[in-house]
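Reminder, nothing fancy here: chain letters follow the sequence lines and each chain counts from 1.
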Protein chains: 2
Amino acid sequence: MRQTEFVANLPIVSSGSMSAMCCAPLVREPLSAAAATELARRVKAIADPTRLRLLSLIAASDSAVCMCDLIAPVGLSQPTVSHHLKILVEGGLLDRDKRGVWAYYSLVPGALDSLSAVLSTQSAAADFSNR
Amino acid sequence: MRQTEFVANLPIVSSGSMSAMCCAPLVREPLSAAAATELARRVKAIADPTRLRLLSLIAASDSAVCMCDLIAPVGLSQPTVSHHLKILVEGGLLDRDKRGVWAYYSLVPGALDSLSAVLSTQSAAADFSNR
DNA sequence: ACGGGATATCGACAGATGTCAATACGTGCG
DNA sequence: CGCACGTATTGACATCTGTCGATATCCCGT
């Protein structure tokens, strides 16, 4: 079990160098254990077919979507849909707006783009270059 | 358990409208069940702190990285690291290049950006606007 | 050919996850 | 008030997942 000399200048725990809002792009520098755990928490929130469908149903709509309209499209029980929506809210991807008895869900502005930016290997500046 | 009229014009199973390479951006239209399952499979590949660290270690390097150099940074056993790398390879994110006894891993060009593009709510054209 | 070392696979196991039925909670209407 | 209904929570359960030690596989130098 040897290592190449490359390992000598590898930061085992590169702490305190990521941006405050979340973390630097993956290609910039190796993630610290803490940063990786935090990023994984957010990625796990969208790592499920049902949650991706819920997200796209809401994202494709131009206004907040009532939960009652999300149950039939995904074809699962109401508690299960509620469970997935909760995970998306806790993951910072959705906003819940309870109007009386009804619960309306909408995208948190910038949440998906923030995840997208971390994954991108392109310069992050391109995201806002045109509009 | 009622539904608003909004549900009337919701595509329950919008099939056959996604691009061949993978799938349209989440904001474009609701994902079909099949497309969501396929996307989730790729997202799950990066939905783990260890795999994110491995990915960033490799992405931050400008050349392929020997597996022997990946064990110490993540602090896990060799079989576990091998397991995670296999998932990343099967997820289409890493390339494995076995040179004799050593295994070298490198990013699959465009794999991360493809994931990033699906998540982005911005126009995908921005990704290539400047280089 | 032999042996050592790098990597992959296997088996086992604890803990996380997705799902549902049952139930609790809360709001608005009659 | 009391009931109906939309939503959230709970409990249970099967499955998936991450981890390790042990072992198999494969290459290379001696």
Side-chain heavy atoms of D95(A) within contact of V89(A), under 4.5 Å: no

Side-chain donor/acceptor of S120(B) to backbone N/O of D113(A), under 3.5 Å: no

Between P of dT7(D) and CG of D97(A), the distance in whole Å: 12 Å

Under 4.0 angstrom between Y104(B) side-chain N/O and dT7(C) OP1 or OP2: no

Close side-chain approach of V74(A) to L57(A), heavy-atom, < 4.5 Å: yes

Any donor-acceptor N/O pair, K98(B) side chain to A103(B) backbone, under 3.5 Å: no

R96(A) charged N/C atom sitting above Y104(A) aromatic ring, 6.0 Å / 45°: no

Flag, side chain of T37(B) to backbone of P49(A), donor-acceptor distance under 3.5 Å: no

Distance in angstrom units between M67(A) CE and dT7(D) C1', rounded: 6 Å

side-chain N/O R96(A) vs dT7(D) OP1/OP2, d < 4.0 Å: no

side-chain contact (heavy atoms from CB on, under 4.5 Å) partners for L112(B), two or more places apart: L26(A), L119(A), T121(A), L55(B), L93(B), L107(B)

Nucleotide dT7(C), atom C1' - distance to CG of L94(B) in whole Å: 16 Å

Dump every N/O contact between nucleotides 15-21 of chain D and the protein below 3.5 Å, one line per pair.
from: dG18(D); atom 1: OP1; to: D48(B); atom 2: OD2; distance (Å): 3.4
from: dG18(D); atom 1: OP1; to: R51(B); atom 2: NH2; distance (Å): 3.2
from: dG18(D); atom 1: OP2; to: R51(B); atom 2: NH1; distance (Å): 3.4
from: dT19(D); atom 1: OP2; to: H84(B); atom 2: NE2; distance (Å): 2.3
from: dC20(D); atom 1: OP2; to: S77(B); atom 2: N; distance (Å): 3.0
from: dC20(D); atom 1: OP2; to: S77(B); atom 2: OG; distance (Å): 2.9
from: dC20(D); atom 1: OP2; to: T80(B); atom 2: OG1; distance (Å): 2.7

Side chain to side chain, L76(B) and I71(B), heavy atoms closer than 4.5 Å: no

Nearest-angstrom distance from the residue atom CG of L85(A) to P of dG18(C): 13 Å

Atom of R51(B), atom of H84(B) and distance for their closest heavy-atom approach: NH1-ND1, 3.1 Å

Return the polar atom pairs (N/O with N/O) between nucleotides 24-30 of chain C and the protein under 3.5 Å, or none.
none

side-chain N/O K86(B) vs dT9(C) OP1/OP2, d < 4.0 Å: yes

Nucleotide dT17(C), atom P - distance to CG of L52(A) in whole Å: 16 Å

Length of the CG-P vector between L54(A) and dT7(D), whole Å: 13 Å

